[in-house]
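Proteins get letters first, then strands, A, B, ... in listed order; numbering begins at 1 in each. From a predicted model like this one, the values you see are computed outputs, not experimental measurements.
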Amino acid sequence: MGSLIPFLDLNQLPDPPTTSATKSALVTPKMEPKLEPSDEPLETHQPTQQQSLPQQQTPQEPFSSSTTPNILSKSQHTPITSQPSGISSEEGNVYSEFCRISELFRSAFAKRLQRYGDVDVLDPDSRAIVPVPQEDNNNQVSTLVVSRRRPPHQRSAELVRVTDLGIEDQRYFRDVVRRTRMIFDSLRVLSMTEYEKRRLGEPGLNRRVRGDLRAASVLRDRGMWLNRDKRIVGSIPGIYIGDLFFFRMELCVVGLHGQAQAGIDYVPASQSSNGEPIATSIIVSGGYEDDEDAGDVIIYTGQGGQDKFSRQCVHQKLEGGNLALERSLHYGIEVRVIRGIKYEGGLTSKVYVYDGLYRILDCWFDVGKSGFGVYKYKLLRIDGQAEMGSSILRFAESLRTRPLVARPAGYLSLDVSAKKEKVPVFLFNDIDSDQEPMYYEYLVRTVFPPYAFNRTGNGTGCECVSSCADDCFCATKNGGEFAYDHNGILLRGKPVIFECGPFCRCPPTCRNRVTQNGLRYRFEVFRSRETGWGVRSLDLIQAGAFICEYAGVVLTRDQAQILSMNGDTLIYPNRFSSRWAEWGDLSQIFTDYVRPSYPSIPPLDFAMDVSRMRNVACYMSHSETPNVLVQFVLYDHNSLMFPHLMLFAMENIPPLRELSLDYGVADEWTGKLSICN
DNA sequence: GGTATGTCACGTGT
DNA sequence: CACACGTGACATAC
């Protein structure tokens, strides 16, 4: 178990009431905590030994039966059904989620501090995280709205540092972050879709919607922003260096940077125990002409003094974020650095990259290029961290354009697909002499047995000539909606997706043919010391984007049993974990969110042979926190027994980060884990 | 002295 | 040199 190290306790905590044995306790040192100057660094605490924290499982939320979610209307003020604070956590999704997280944090606290012995044990409820109170408790409605009048929402002033999380906790927090971001993205897209629909009815409607802002507001009203109960200095649990964000508000939602616009986030002086503000994170966005970004070393300009056209027009003052940075320098407190960089090929023209922790070395008042005074801060990246996301982005860029110049040694092949894919698939190994992937024939698509095509009537397709719409026959097969948005992003996972196919009249550019158009990203099969052969992309992959098919030769159960005795490598599609089920699931937001009656498929009873012919997917590694999911898709035949295995991104995957799949547990047929390598 | 309310600074995404 | 927007910190009012 990791430790949460409080090093600045800003509130006097009440006396300990009795604590029940079932509750974890929040403990705090008896002595008055003090800020120590930088020559006595705060990190003198030793990390705790690894302890496993009992993990509470997410309560399974039953799907209530009611209507589909309503519009994301802001004008309508209809309160959602809410969970009054203090009610048992089994009842409400949001509330239980909060309790779970806060409980984890409290347990971590207790574990950490018990080592000191000299502590007070406090009633956990005294510091319980409570979701933002809903204004009303009218249970009959569940329209998604953003409340017009926000209850005052105090951010915590309690500074903590989270270190040495155990593997279980890392996995847990990663999952919380991933789910929250997925909900953010679903809401963002939903908000824009609703707007487009409304605009069809009201042509005069011309006000642009900001889906990102709306999504953040909805999550905030539901109390689903992460890490609001503590001010975390240092890294945020569940967020890795190199993680990518397309929207500024997303940084707020996950707690990486709590300011919607300002580049410096800090604990305000008014809340700080000694009346001094402390900086926790900054965003280097290129908005200040006096910034100098050399990667490991940054000369960062303070905030303020600009007019509305971002020109310096007055001197900056040592207040707010500027003062906070100066105080952080004084106390030797590290700050998180997020870079906003231009990047084409993403969802927006800019991405935010978490680049890790920096220490502030120096601070001075200088005359900027404009002639006005600005505060400058010299920051140095702390050693021993993973490589910076922003430099990986740059490196990937050079690999895309001139691979052999950027990396002269290590390429075994510049296209293992031998031009069978639209884009080359690189093969790279710079650590040993293994050349295994060279010896397989590259297979672009899964080979199905002929009778998969004969079994059912084939001629069922749509008659759309130009483009398919929501009332098209193929949309009906998918429960009256397409599975993808107009950019080919998977909106919601389903047991099976019916794409338009050879029996449809629509063109190949139809939006319902996402998985039929081959590779879009440049992949690299690479050799790794940890995972053997693995796969990574040279391009940024947006969450929900189609990656590739998992291709092989389909075998019946009997055939598979014979071949597996030969030691051939087989894949069992029914063993992949059903990650599609959580993709696009908004039941945490809409209390009346129902799982539509999608057509389901019978349990899959086939295996795939990848022992002679395989594609790039076969080299993907297994992970219990995968970044790729399997979605079954049908298009070229109608046999539900034999769907294609299509892979989609579960999160924004930065270039050169390894792709991973949850292959599931040991297979029931053979007892072997279905991974080839 | 605490809470409620108002004002402002802070860039962003389109 | 367009425009609307959300948040948090802080000032002010009570």
Rounded to the nearest angstrom, tell me the gap between atom NE2 in A:His257 and atom C1' in C:dA9. 13 Å
Cation-pi check, A:Arg174 onto A:Tyr240 ring (under 6.0 Å, within 45° of axis): yes
Stepwise side-chain contact (heavy atoms from CB on, under 4.5 Å) check, A:Ile232 with A:Thr280: CA-CA 7 Å; A:Ile232 297 179; A:Thr280 53; over 6 Å; no
Separation of C:dG6 P from A:Glu250 CD (nearest whole Å): 17 Å
Does the Lys NZ or Arg CZ of A:Arg339 fall within the cation-pi geometry relative to A:Tyr354 - under 6.0 Å from the ring centre and within 45° of the axis? no
With nearest nucleotides of DNA chain C determined for A:Asp265 and A:Lys308 from heavy-atom distances, which residue corresponds to the more 5′ nucleotide? A:Lys308
So how far is it from A:Ser391 OG to A:Asp355 CG, rounded to the nearest 0.5 Å? 7.0 Å
Do A:Tyr375 and A:Phe365 have ring centres separated by under 6.0 Å? yes
In terms of the nearest nucleotide of DNA chain C, which residue is placed more toward the 5' end: A:Pro268 or A:Ala262? A:Ala262
When we call it a touch if two heavy atoms are under 4.0 Å apart, what does A:Gly258 touch: a base, just sugar-phosphate, or nothing? sugar-phosphate
Between the protein and nucleotides 12-14 of chain B, which nitrogen or oxygen pairs are less than 3.5 angstrom apart?
unit_1: B:dT12; atom_1: OP1; unit_2: A:Arg248; atom_2: NH1; d: 3.1
unit_1: B:dT12; atom_1: OP1; unit_2: A:Ser285; atom_2: OG; d: 3.1
unit_1: B:dT12; atom_1: O2; unit_2: A:Arg210; atom_2: NH1; d: 3.2
unit_1: B:dG13; atom_1: OP1; unit_2: A:Arg248; atom_2: N; d: 3.2
unit_1: B:dG13; atom_1: OP2; unit_2: A:Tyr352; atom_2: OH; d: 3.4
unit_1: B:dG13; atom_1: O4'; unit_2: A:Arg210; atom_2: NE; d: 3.3
unit_1: B:dG13; atom_1: O4'; unit_2: A:Arg210; atom_2: NH1; d: 3.4
unit_1: B:dG13; atom_1: O4'; unit_2: A:Arg210; atom_2: NH2; d: 3.2

Checking all strands, does A:Gly304 fall into the base, sugar-phosphate, or nothing category for heavy-atom contacts under 4.0 angstrom? sugar-phosphate
How many Å lie between CD on A:Gln303 and P on B:dC8, as a whole number? 17 Å
note: A:Ile264, atom CD1; C:dC10, atom P; distance rounded to Å ~ 13 Å
Would you be so kind as to tabulate the donor-acceptor pairs closer than 3.5 Å made by side chains of residues 344-353 of chain A, with sequence neighbours excluded?
unit_1: A:Thr348; atom_1: OG1; unit_2: A:Lys350; atom_2: O; d: 2.6
unit_1: A:Lys350; atom_1: NZ; unit_2: A:Ser285; atom_2: OG; d: 3.0

